[in-house]
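Below you'll find the structure, written out as C-alpha cells, and then a few comments.
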Number of protein chains: 2
Amino acid sequence: MRKKNKNEFPKERILNEAEVLFAQKGFHEVTVREITKAAKCNLAAINYHFGNKENLYLEVFRARWVPRARRIREHVGKSLSAQDSPSPQAVIKALAQAFLEGPMSDEERKRHSQLMAREMARPTAAFDLVAEQAMGPLMKELAEVLRPGLPDKMGEDRLMLNMLSVLAMVLYFNFARVAVTRMTGREYDHAFRRRLVEHIVEFSLNGLGVGEKEGDR
Amino acid sequence: MRKKNKNEFPKERILNEAEVLFAQKGFHEVTVREITKAAKCNLAAINYHFGNKENLYLEVFRARWVPRARRIREHVGKSLSAQDSPSPQAVIKALAQAFLEGPMSDEERKRHSQLMAREMARPTAAFDLVAEQAMGPLMKELAEVLRPGLPDKMGEDRLMLNMLSVLAMVLYFNFARVAVTRMTGREYDHAFRRRLVEHIVEFSLNGLGVGEKEGDR
DNA sequence: GTCTATAGCAGGATAGAC
DNA sequence: GTCTATCCTGCTATAGAC
C-alpha cells in the first residue's frame, strides 16, 4: 500500500507542510494555495481530504501536535524514571531540555512551541486539545515528581504558578527568538540553546527556593 | 479646533480602534472594514489618513505604543528614584507592577503586552520600534539599577538572560491569560494580578540569587 | 483520488461627488 | 475631509472531467 515515490501520501504531505506554515504564520496568514503548493499537490486536495481549511488546522493538532506532545512528556518521564526520586533540578532540566534540546530536531521543537504559544495567546477550537492533552497532563505529572523535593509548606497554587513560570521561559525563549537574539547579540545555535537550558534550570531552581547555592559554574 | 462631539477626530478614533483590534487579533485577521466600522467613520478614511492598512499598523506603534512604553519606563523610573539605591526586589516589583497593575487600565496594559508579544513572536516592520524604543532602553535601564545590588561576579550575559526571564513571565502572564486561567482555576481579577506580582517578584529574586530567604508571607 | 476550471465572495484600494 | 460606489485581486470551496 506504500506509494513508490520518495514522499508519503498527499494527505500526509499536506499535514506536514500545513503544520510548518501554520506554526510560522498562524492560521489566517496561510492560504490553502500556499499549503498545496508546498505539499506538491492540487488546490482541491485539502477540501477533498479534510473538508475545509479550518478542519485541516484541527487535524494538524490531532494528528501531529498532540502525539508529539505525548512523546515529549514520555521523554521527560523516561529521563526521570532512571532515578528513583528525581531532584527538582533533574525535573526542571528534563523539561527545559525537552523543549530546547530534546529528541527532535530544533525546527520541530520550535514548530511545536510556536503552535502552542499561538493557541495560548489566541485560543481557537484547538485550544481544548492543547489544554487537555498536553498542558494539563504535563502540569499534573510535573507536580507529582516535584512535590517530594519541595518544602512541605508550598501550596498547590504556588506550585502551579512556579511551573507556569518555568513553562513561560521555555516557550518565550522559543517563540521570541528574534528578540532574544537581538537583545543578547548571540546566534540561536546549539551552544546557545545549551546555555539557555543551564540558565533556565538555575533560575527556576532558585525561583523554586531550592537552589544549590550557585557554585556549579 | 475641538470637535463638538464626544469623541476626537476620525483619525484619532481610527488609531484607537485599530490598536484594540490589532492587539486582539493581529494584523491579518483584522479588516479595514472592521476598523472603520468600530471607529464610526468611512471605509475610505484609513487610506485617506494613513495611505494604507500597513502604514496604519505602523502608526499605531509610533503614535500609541511607543509613547506608552515610554510612560511605563518613566513610571518604573519614578518608583525607583524615591530610593537612592533601590534593592533588586524593588526593581523587579516596579517592573512587574508596571505591566500587571501599573498606572493604566488593565485593558490598556493587556493591549500593550499583546502587541509587544506579537511583534516578538513574528516581527514585522514595527519590530525595530519595539526593540529600539522600548526593549533596548528598558533592559539597559534595568541593568543599571540592578547591577549594584547583585553579586559582582554576575556577567553581563547572565544578567541579560535573567532580565529576559523576568520579561518572559510578565508577558506570558498577560498574553496567555486563557491558559493561565484554565490551569490555575482562578479569575484574572485584581486579586489575582496582585498575587501574580508577588509571585514574579519572589520567583525572580530567588532566580537572581538574591532572595530574602522566604519569610515574607 | 487527482486534476482543471470556475463560481462566489471578501479583501484593500481608489475615483470622484459633495 | 468625508462620503458612496466600484474596481480588482486573491481567497475558499465546489463541479465535473479524467
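Order of the sequence lines fixes the chain letters, A, B, ..., with proteins taken first and strands second; residue numbering starts at 1 for each chain.
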Residue pair B:F175, A:F175: steps toward the ring pair (Phe, Tyr, Trp, His ring centres under 6.0 Å) verdict:
CA-CA 13 Å; B:F175 81 70; A:F175 80 70; 5.3 Å; yes

In plain terms, say whether B:R158 and A:E198 are close enough for a salt bridge, that is, a side-chain N and a carboxylate O under 4.0 Å apart.
no

A:I14 has an atom CD1; how far is it from atom P of D:dA13, in whole Å?
13 Å

Using atom NZ of A:K40 as one end and atom P of C:dT2 as the other, report the distance to the nearest whole Å.
16 Å

Spacing of A:L56 atom CG relative to D:dA13 atom P, expressed in whole Å:
10 Å

Cationic tip of A:R177 above A:Y188 ring, under 6.0 Å, 45° of axis
yes

In whole angstroms, the gap separating P of D:dT14 from CG of A:N55 amounts to 12 Å

Reading 5' to 3' through nucleotides 11-18 of chain C, protein heavy-atom contacts under 4.0 Å coded B for base, S for sugar-phosphate only, - for none:
BBBB----

Can a cation-pi geometry be assigned to B:K110 and B:F99, taking NZ or CZ under 6.0 Å from the six-membered ring centre and within 45° of the ring axis?
no

In this structure, are over 12 heavy atoms from other groups packed under 6.0 Å from A:E54 atom CD?
no

Parallel, tilted or perpendicular for A:F22 and A:Y57, by the 30°/60° rule?
perpendicular

